Student: 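Please find one structure pasted underneath; my questions will follow.
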Amino acid sequence: MRMVYEIARQEFVRVLTYPLIPIVFLIILIIAYINGAGGAHDLRSFEEWTTGDALLQGFGQSYGATSMICTIMAIFLGATSIPYERWNGSINVLLTKPLYRRDYVIGKFMGLSGFMLLFNTFTLLFIGLLMIMFFRGPLSSLEFIWRLAAYIIIMSLSCSTVIALNMLFGVISKDILVVTSASMTYIFFDWIWHNERILGDLSILTPMTLYGLAIHPFAEPFNPLFNTTVQFYRWFSAALPFLAILFIEMLLFLLVGIYLFSREDNV
Amino acid sequence: MGSVLTIAKKEFTDLLNNRMVLLVLIAFLIYVLSNIYTFYSVLNGWKPGAQPMFHENMGIAADNNVFFTLSFYGTIMGIIIGCSTVSSERIGKALSVLNVKPVYRDAIINGKVLGSLAFLAGVIFFYIAIYTTGFLLLCGNALAPFLLDYFSRLPFVFLFIMVYTTVFLSISLLISLLIRDQAFAMILSTLAVYISQIMYIDVSYNLGNILPGYGLDRLCISLSPEGTLWLQVQPKFMNTSLGAYDAFLSILPEFIRLLITIVIAMALSYIVFMRRDIL
């Protein structure tokens with residue numbers, strides 16, 4: 001357990017210095033500002049005809065842009081994590097130590113997931129604060145915190161699932177460019193192309209669709225997670241099956257990754 | 001000229017044998033095939049309530065399917081070819097070897113750009129051939145009265161897709177030349193697609209709210225290749241009341257804007273490549 005923690009800590013620190021982070025951070029700042037300042041106008045109009053808290057609907061306005069950038073970052077962090085260590089040789093040093101291969105994979109996964117949890121928390125808090133600055137404060141602080149916390153947890157669970165999937169790509173192929181191009185194809189497949197045309201009804205099982213369904217488990221009333229006219233419990237009961245499947249998928253990808261990595265003779 | 005052609009030929013062969021490129025192109029081929037089948041399903045009424053866009057002229061509806069899929073969803077082709085042009089050589093140190101040979105640097109980059117553009121054209125042609133075969137086999141009856149419309153617009157569709165995907169190819173090429181870490185360059189190229197998307201959705205709309213009356217929303221759409229394609233080009237280019245040539249003339253301003261983007265990105269790539277001592 002101690003080794004897992006050490007690997008996770010090392011991975012967390014490594015990610016902090018990765019050059020992708022400041023770029024994504026800057027994009028998030030721009031999205032948050034634009035969403036806060038530009039979206040306030042729509043929230044004022046929305047408030048005139050809704051009985052719920054219009055402030056929370058502001059998260060729905062930047063939902064696509066925010067979710068996609070955080071997921072893209074998680075995908076590439078997951079995909080390049082093991083191949084980078086293979087490339088610079090540090091994995092050879094690590095695996096000569098008394099360290100189980102499964103602990104290595106779990107540690108990396110925990111470090112990246114921990115980082116994404118922190119990053120998503122910062123992102124959504126910042127977006128929320130800018131909406132409060134340009135629009136107004138929440139009608140009920142408790143409701144705001146509950147729903148924001150749920151949003152952070154779902155986004156982080158979705159990010160952890162794609163991290164596990166893309167780490168699996170990194171275990172399967174030793175060529176970092178092949179892994180990166182596989183991850184890029186995955187982004188197009190799950191976020192840009194209409195994957196239901198390829199998978200049909202099975203498209204419900206892809207991480208992005210599950211994430212979308214967990215946020216919007218039913219169409220009416222609109223945006224249930226961010227709509228305070230819908231009881232939090234009602235949204236949660238409807239979202240729970242999708243969250244459970246997302247969690248199972250994450251475990252499955254991680255276990256397959258651990259199994260394949262442990263079977264390798266060399267690195 | 002001989003050395004340019006030799007390098008171009010080698011580039012074409014390298015791309016054809018590149019595992020990364022093949023992986024992406026096969027994934028996209030599956031998407032293309034699923035699109036053909038979706039079009040067929042919609043025509044047969046198997047998807048209740050769904051109708052193909054521009055269904056008043058099935059030839060143009062089919063053209064629109066080819067045009068939109070291969071450009072809007074096909075940006076991945078441009079990115080992977082743009083990145084692979086530099087990355088494979090950098091990893092294999094072939095670029096450094098090439099640079100010490102008695103070959104002008106501009107011949108190297110000219111050859112590489114020429115080879116990658118020829119490859120891209122070949123790939124687009126292949127996908128269009130797949131589309132056309134699929135349409136004729138599956139939707140021949142519905143398409144038969146409109147075949148002239150379909151084929152007359154197809155060369156312009158090919159031209160537009162070529163220019164559109166080359167925008168992303170040239171941006172990826174520039175990023176790959178600027179950044180030594182090729183995996184990171186590919187990540188940044190993917191981010192370019194994301195930025196292009198949010199520019200015409202979130203940024204344009206919210207900027208229009210923040211500073212109304214300055215036309216910033218339209219500017220953002222024009223600066224985004226995807227916004228240009230979806231909101232400006234598609235409605236005019238697929239206008240069923242216009243002939244193929246007139247429809248192409250109507251999108252000429254947007255077409256030239258995309259060409260200018262390519263010229264700027266390629267010029268910057270030239271500058272970076274020529275001025276770097278070590279690649």
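All figures in this text were calculated on a predicted structure; none of them were measured in a lab. Below, chains carry the letters A, B, ... as their sequence lines are ordered, and counting in each starts from 1.
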Student: As an exercise: rank D202(B), N209(B), I76(B) by heavy-atom pairs under 4.5 Å with chain A and give me the winner.
Tutor: I76(B)

Student: Centre-to-centre under 6.0 Å for F28(B) and Y127(B), is that the case here?
Tutor: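 Aromatic pair counts; centres sit under 6.0 Å.
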
Student: Mind ranking L191(B), I187(B), I79(B), T190(B) by heavy-atom pairs under 4.5 Å with chain A and telling me who comes out on top?
Tutor: I187(B)

Student: Heavy-atom distances under 4.5 Å only: say whether Y205(B) touches chain A with side chain, backbone, both or neither.
Tutor: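 The answer is the side chain of Y205(B).
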
Student: Need one label for I34(A): side chain, backbone, both or neither, based on atoms under 4.5 Å from any heavy atom in chain B.
Tutor: both

Student: Where does V21(B) contact chain A at under 4.5 Å (heavy atoms): side chain, backbone, both or neither?
Tutor: neither

Student: Less than 4.5 Å to any heavy atom of chain B: does that hold for the side chain of Y84(A), its backbone, both, or neither?
Tutor: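 It is the side chain, since no backbone atom gets that close.
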
Student: Quick check on I192(A) against chain B: is it the side chain, the backbone, both or neither that has a heavy atom closer than 4.5 Å?
Tutor: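 Both parts, backbone and side chain.
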
Student: Chain B heavy atoms under 4.5 Å from I27(A): which part of the residue, side chain, backbone, both or neither?
Tutor: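 The side chain, not the backbone.
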
Student: For I195(B), which atoms come within 4.5 Å of any heavy atom of chain A: side chain, backbone, both, or neither?
Tutor: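 For I195(B), side-chain heavy atoms alone lie under 4.5 Å from chain A.
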
Student: For I201(B), is it the side chain, the backbone, both or neither that has a heavy atom under 4.5 Å from a heavy atom of chain A?
Tutor: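 Answer is neither: I201(B) stays 4.5 Å or more from chain A.
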
Student: Shorter than 4.5 Å, heavy atoms on both sides: which option in S189(B), S41(B), A183(B) has the most such pairs with chain A?
Tutor: A183(B)

Student: Check the orientation of F119(B) and F12(B). Use parallel for under 30°, tilted for 30 to 60°, and perpendicular for over 60°.
Tutor: perpendicular

Student: Decide if atom NE2 of H194(A) counts as having more than 12 heavy atoms of other residues, nucleotides or ligands within a radius under 6.0 Å.
Tutor: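 Result for NE2/H194(A): enclosed.
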
Student: Are R44(A) and E47(A) ion-paired here, with the side-chain N under 4.0 Å from a carboxylate O?
Tutor: no

Student: Please check if the side chain of S67(A) supplies one atom and the backbone of G64(A) the other of a donor-acceptor pair under 3.5 Å.
Tutor: no

Student: Can you confirm whether the side chains of D175(A) and S173(A) place a donor and an acceptor under 3.5 Å from each other?
Tutor: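 Note: D175(A) and S173(A) side chains miss the donor-acceptor criterion.
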
Student: Give, as side chain, backbone, both or neither, the part of L33(B) having an atom under 4.5 angstrom from any heavy atom of chain A.
Tutor: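 For L33(B), there is no contact with chain A at all, as no heavy atom is under 4.5 Å.
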
Student: Check the pair Y211(A), T71(A) against side-chain hydrogen bond (donor to acceptor under 3.5 Å, both in side chains), reporting the backbone distance first and the verdict last.
Tutor: CA-CA 11 Å; Y211(A) 167 65; T71(A) 311; over 6 Å; no

Student: Considering only heavy atoms, which portion of F189(A) lies under 4.5 Å from any heavy atom of chain B: side chain, backbone, both, or neither?
Tutor: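 Interface part for F189(A): neither.
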
Student: Between P83(A) and chain B, with a heavy-atom cut-off of 4.5 Å, which part of the residue counts as in contact: side chain, backbone, both or neither?
Tutor: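 Nothing of P83(A), per the 4.5 Å heavy-atom cut-off to chain B.
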
Student: Mind telling me whether F119(A) and F122(A) have parallel, tilted or perpendicular rings, with 30° and 60° as the class edges?
Tutor: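 Rings of F122(A) and F119(A): tilted, 30 to 60°.
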
Student: Just by modelled atom types, is the T13(B) backbone N or O under 3.5 Å from a matching donor or acceptor in the N17(B) side chain?
Tutor: yes

Student: Side chain from CB out, backbone as N, CA, C, O: work out which of these in A79(A) comes under 4.5 Å of a heavy atom of chain B, or both, or neither.
Tutor: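 A79(A) has no heavy atom closer than 4.5 Å to chain B.
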
Student: Would you kindly say whether D190(A) and N195(A) are connected by a side-chain donor-acceptor distance under 3.5 Å?
Tutor: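 Yes, side-chain donor-acceptor contact under 3.5 Å.
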
Student: Under 4.5 Å heavy-atom distance to chain A, tell me which part of I198(B) shows up: side chain, backbone, both or neither.
Tutor: side chain

Student: Measure I75(A) against the heavy atoms of chain B and call it side chain, backbone, both or neither at under 4.5 Å.
Tutor: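 Nothing of I75(A), per the 4.5 Å heavy-atom cut-off to chain B.
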
Student: Among Q61(A), H41(A), M184(A), which residue forms the greatest number of heavy-atom pairs with chain B at distances under 4.5 Å?
Tutor: M184(A)

Student: Could you tell me the separation between the OG atom of S170(B) and the CD1 atom of I175(B), rounded to the nearest 0.5 Å?
Tutor: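 Interatomic distance, S170(B) OG to I175(B) CD1, rounded to 0.5 Å: 9.5 Å.
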
